[in-house]
Amino acid sequence: MPHSKRNRSDGGGGGGGDGCRSIVLPRRLLLSIFIVSPFLFLLARGGVHSQISKDSEAERDFATNQTTNWRERLAVQNLKSVLTKEVTDSISISRSQLDLWSFDILGRHHASSSWKTSGLNDTEQDITSLKDPLQTGSSADWNSIQFKAENPIGGELAATEEEANGADGNLLTDTPTKVFRRVSRFLLSHHSAMRKPRELRQEKRAMELVQQDEEALVKLENAAIERSKAVDSAVLGKYSIWRRDNENENTDIKVRFMRDQIIMARVFSVIAKSKNKLDLYQELLNRIKESQRAVGEANADSDLHHSSPDKTKAMGQVLSKARQELYDCKVITQRLRGMLQSADEQVRSLKKQSTFLSQLAAKTIPNGIHCLSMRLTIDYYLLPPEQRKFPRSENLENPNLYHYALFSDNVLAASVVVNSTIMNAMEPEKHVFHLVTDKLNFGAMNMWFLLNPPGKATIHVENVDDFKWLNSSYCPVLRQLESAAMKEYYFTSDHRSTLSAGSSNLKYRNPKYLSMLNHLRFYLPQVYPKLDKILFLDDDIVVQKDLTALWSVDLNGNVNGAVETCGESFHRFDKYLNFSNPHIAQNFDPNACGWAYGMNIFDLKAWKKKDITGIYHRWQNMNEDRVLWKLGTLPPGLLTFYKLTHPLVKSWHVLGLGYSPSIDRSEIENAAVIHYNGNMKPWLDLAMTKYRSYWTKYIKYDHPYIRGCKLTE
């Protein structure tokens, strides 16, 4: 027989035959695996369910396969060299043990840890629940090929001859069904093992994405917070950086529509009159009046009169009629342009009027303060002369004490400056206040502080008119005020009968620019000849901390200690001075930083040494025609103390409470002195409410004089 002959030829011979067989058999084994494995894999993927019910048919197939696949059996016989004994024992299953093909049964019959499964998903369970395609009935068992599963990723085929033999030494074989199960098991174990790292990577990536989303959300929230902080809370009216249409619950669409109708009706009325369409002209005028009455002062649709829908409809009908009879694009454009120019001129006029009125309100003494001054003055002159004197007059010229200079004609404002300074002073008894006022308020100022002495501090009130040395022959400002040209400039120049026409000159005719109280700051050594240092204070400031540390500041040889006010491009010399004049351009830097009056520490010894008053006189004489600067005391101060000013820390003096609504609250509360410079003084109705409480807390509103003059918070 060919079969036995082939066996004899393979088994005979010497070592050369064994060597040839050892080479040929592995090749045949690999060829068999490569042929069978794809077929088995396709069966697993396609879900092949072949059912052969009868044991005789399985035996017949077995016999046929045993005859036709002798090469495969021969290859299996030689697998003894690559399978261990334990593996062949574990995979040898008798016919009686075969049942429906599932991994559950396989796990019960084989206790080896190599066959334990975990983490099977639904797809794997579907594969493992397939029925065994072959119900074999042969008494002979087949060797099975098992792949090592302890390491699912790198499982290898056993490689020793002993491992391929059973316990009795007989050659074990296996059916294709079992091979199919083993290969499927191997593939599933690979899939299960690879799935876990992939799931871990997916979970890690999901966590990273969630974290990135959270970080992005935090960034958006922080950006929204910063953006909301940038919005000025003091701006009047509603303002939303998010939704403009939600600013006002009451919309004004109808109001604006009716006003647009009125504008177009006015245009058509002019055209109708020019074309002698008198009936249409009269009808348009009537509708304009009706719509104007319906709109009135409404700013929102809810404010409109209940008849406004009817008026809108009637106006629309008239405008439609006018459009049919009078529409001319060129003419309408010209009329609208003329109306726009007229409205623009009206707006400019109203702005001038507003400026005039605000200037007037800022420089006018309120009735309550005027009442207070008059009552105090009357009571002062009713006092006997011996009761008009202040105590501790010996401290007035003591250079070892803390001296303040305050020049004011406002009794209430001066009282706030003195009270706030004393209430925040560590040693009030060492503080001395030098008040100078005019003749009109001299009695009131004395009477107030006689009735309300500043504790243990020293105070003294003087009348500027009593300084006989301050005359026109010595002071350039007084001499200029007495000239005819200055009188013309301050009192009659461009003085119109209308408010808008005279608004530009009102600030030049401000009484403080004509008062020597404003210019007295340039004569401090003359007023206080025996003092070494003095702190100058304006009457529109509030002291919030002890100021004695200012006397210890080293001015580095300078005369003036002040807080600088220049920003990136604001409050520099070119804002106050005329640099087109050669006297200014040749002697000063236009980008030099400005500084503020209001709280200044002056070294009077250095003042005298550098002749500061003489420098002031020289520049004041050169500005007789107002060609160097227009008005005020700050421009001549910048010139006089140029390169003689020592910058102080900004927290000593915070400015802008009289004009800026956007000063930070913490900046105000941390300041030693806050300054209401500007038109919105705290004693006026123009004052900003958010800043007024810092000033009013130093006023005793239950005082009989204040209550009698109806001064309230």
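Every value quoted in this text rests on a predicted model; they were computed, and no experiment measured them.
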Item to check | Close side-chain approach of Ser415 and Val418, heavy atoms under 4.5 Å | outcome: no
Checklist entry - Between Tyr523 and Tyr616, how do the two ring planes meet: parallel, tilted or perpendicular, split at 30° and 60°? => result perpendicular
Item to check | Nearest heavy-atom neighbours spanning Thr437 and Phe442 | outcome: CG2-CA, 3.5 Å
Checklist entry - Just checking, any donor-acceptor pair under 3.5 angstrom between side chains of Thr613 and Trp607? => result yes
Item to check | Under 3.5 Å: donor-acceptor pair, side chain of Gln544, backbone of Ala671 | outcome: yes
Next on the checklist: Rounded to the nearest 0.5 Å, what separates atom CD in Gln620 from atom CG in Leu639?
Outcome noted: 10.0 Å
Item to check | Expected output: side-chain Asp546 to main-chain Met426 donor-acceptor under 3.5 Å | outcome: yes
Checklist entry - Is the Phe390 to Phe433 ring centre distance short of 6.0 Å? => result no
Next on the checklist: Run His703 and Trp448 through ring-ring contact (aromatic ring centres under 6.0 Å, His included) and show every step you take.
Outcome noted: CA-CA 11 Å; His703 194 281; Trp448 177 264; 4.9 Å; yes
Item to check | Within residues 647-670 or reaching into it, pairs that qualify as salt bridge (Lys or Arg N to Asp or Glu O under 4.0 Å) - sequence neighbours excluded | outcome: Arg665-Glu669
Item to check | Residue pair Ala596 / Leu655: nearest heavy atoms and the distance that separates them | outcome: CB-CD2, 3.4 Å
Item to check | Pair Tyr576 + Trp629: ring centers closer than 6.0 Å | outcome: no
Item to check | Heavy-atom side-chain proximity of Val432 to Asn398 below 4.5 angstrom | outcome: no
Item to check | Beyond-backbone contact of Met447 with Tyr381, side-chain heavy atoms, under 4.5 angstrom | outcome: no
Item to check | Heavy-atom pair of closest approach, residues His617 and Tyr474 | outcome: CE1-O, 3.3 Å
Checklist outcome for this item: Distance col, row Phe602:CZ vs Leu555:CG, nearest 0.5 angstrom, shows 10.5 Å
Checklist entry - Which residue pairs satisfy the salt bridge (Lys or Arg N to Asp or Glu O under 4.0 Å) criterion with at least one member in residues 437-457, sequence neighbours excluded? => result none
Item to check | Between CH2 on residue Trp695 and CD1 on residue Ile541, distance to nearest 0.5 Å | outcome: 12.0 Å
Checklist entry - So which heavy atom on Leu684 is nearest to which on Asn679, and how close? => result CD1-O, 3.6 Å
Item to check | Least distance between heavy atoms, Trp683 atom then Pro366 atom | outcome: O-CG, 3.7 Å
Item to check | Side chain proximity check, Thr689 to Tyr691, heavy atoms < 4.5 angstrom | outcome: no
Checklist entry - Do Ser408 and Asn410 have a side chain donor and acceptor closer than 3.5 Å? => result no
Item to check | Residues forming a salt bridge (charged side-chain N to carboxylate O under 4.0 Å, His left out) with Glu427, sequence neighbours excluded | outcome: Lys430
Checklist entry - So, Asp540 and His675: side-chain donor and acceptor under 3.5 Å apart, yes or no? => result yes
Next on the checklist: Any side-chain to backbone donor/acceptor pair from Ser420 onto Val543? Under 3.5 Å, distance only.
Outcome noted: yes
Item to check | Inter-residue atom distance Asp574.CG - Ile584.CD1, 0.5 Å rounding | outcome: 12.0 Å
Item to check | Flag for Arg479-Asn621: side-chain donor and acceptor within less than 3.5 Å | outcome: yes
Checklist entry - Does the side chain of His434 reach to within under 4.5 Å of the side chain of Tyr404, using non-hydrogen atoms? => result no
Checklist entry - Using 30° and 60° as the class limits, which term best fits the ring planes of His431 and Tyr402: parallel, tilted or perpendicular? => result tilted
Item to check | Within 6.0 Å of NZ in Lys605, more than 12 heavy atoms from elsewhere | outcome: no
Checklist entry - From Thr640 OG1 over to Ile612 CD1, what is the distance, rounded to the nearest 0.5 angstrom? => result 7.0 Å
Checklist entry - Residues two or more places apart in sequence or in another chain: which of them pass salt bridge (charged side-chain N to carboxylate O under 4.0 Å, His left out) with Glu429? => result none
Next on the checklist: Given 3.5 Å as the limit, does a donor-acceptor pair link the side chain of Lys545 with the main chain of Asn424, or not?
Outcome noted: no
Checklist entry - Do Met622 and Leu628 come close enough that some side-chain heavy atom pair is under 4.5 Å? => result yes
Next on the checklist: Let's go through Asn441 and Ser373 carefully: what are the C-alpha distance in whole Å and the side-chain angles of both, what is the deciding distance for side-chain hydrogen bond (donor to acceptor under 3.5 Å, both in side chains) to 0.1 Å, and is it a yes or a no?
Outcome noted: CA-CA 7 Å; Asn441 295 281; Ser373 179; 3.0 Å; yes
Checklist entry - Heavy-atom distance under 4.5 Å between the side chains of Pro636 and Trp619, does that happen here? => result no
Checklist entry - Should we say atom CE of Met423 is surrounded by more than 12 heavy atoms from elsewhere, each under 6.0 Å from it? => result no
Item to check | Shortest non-hydrogen contact from Met516 toward Cys475 | outcome: CE-SG, 3.8 Å
Next on the checklist: Restricting to salt bridge (charged side-chain N to carboxylate O under 4.0 Å, His left out), what partner residues turn up for Arg266, sequence neighbours left out?
Outcome noted: none
Next on the checklist: For the backbone of Gly598 and the side chain of Asn600, can you confirm whether one donor and one acceptor N or O come within less than 3.5 Å of each other?
Outcome noted: yes
Next on the checklist: I'd like to know if the side chain of Tyr528 pairs up with that of His403 as donor and acceptor (distance under 3.5 Å, no hydrogens or angles considered).
Outcome noted: no
Next on the checklist: Students often mix this up, so state it plainly: with edges at 30° and 60°, are the rings of Phe522 and His519 parallel, tilted or perpendicular?
Outcome noted: tilted
Checklist entry - Are any non-hydrogen side-chain atoms of Val542 and Val416 less than 4.5 angstrom apart? => result yes
Next on the checklist: Students often mix this up, so state it plainly: with edges at 30° and 60°, are the rings of Tyr642 and Phe573 parallel, tilted or perpendicular?
Outcome noted: tilted
Checklist entry - Quick one: is the NZ or CZ of Arg521 closer than 6.0 Å to the six-membered ring centre of Phe407, and within 45° of its axis? => result no
Checklist entry - Roughly how far, to the nearest 0.5 Å, is NZ of Lys389 from CG of Leu450? => result 12.0 Å
Item to check | All pairs passing salt bridge (Lys or Arg N to Asp or Glu O under 4.0 Å) where residues 392-419 contributes a residue, at least two apart | outcome: Glu397-Lys530
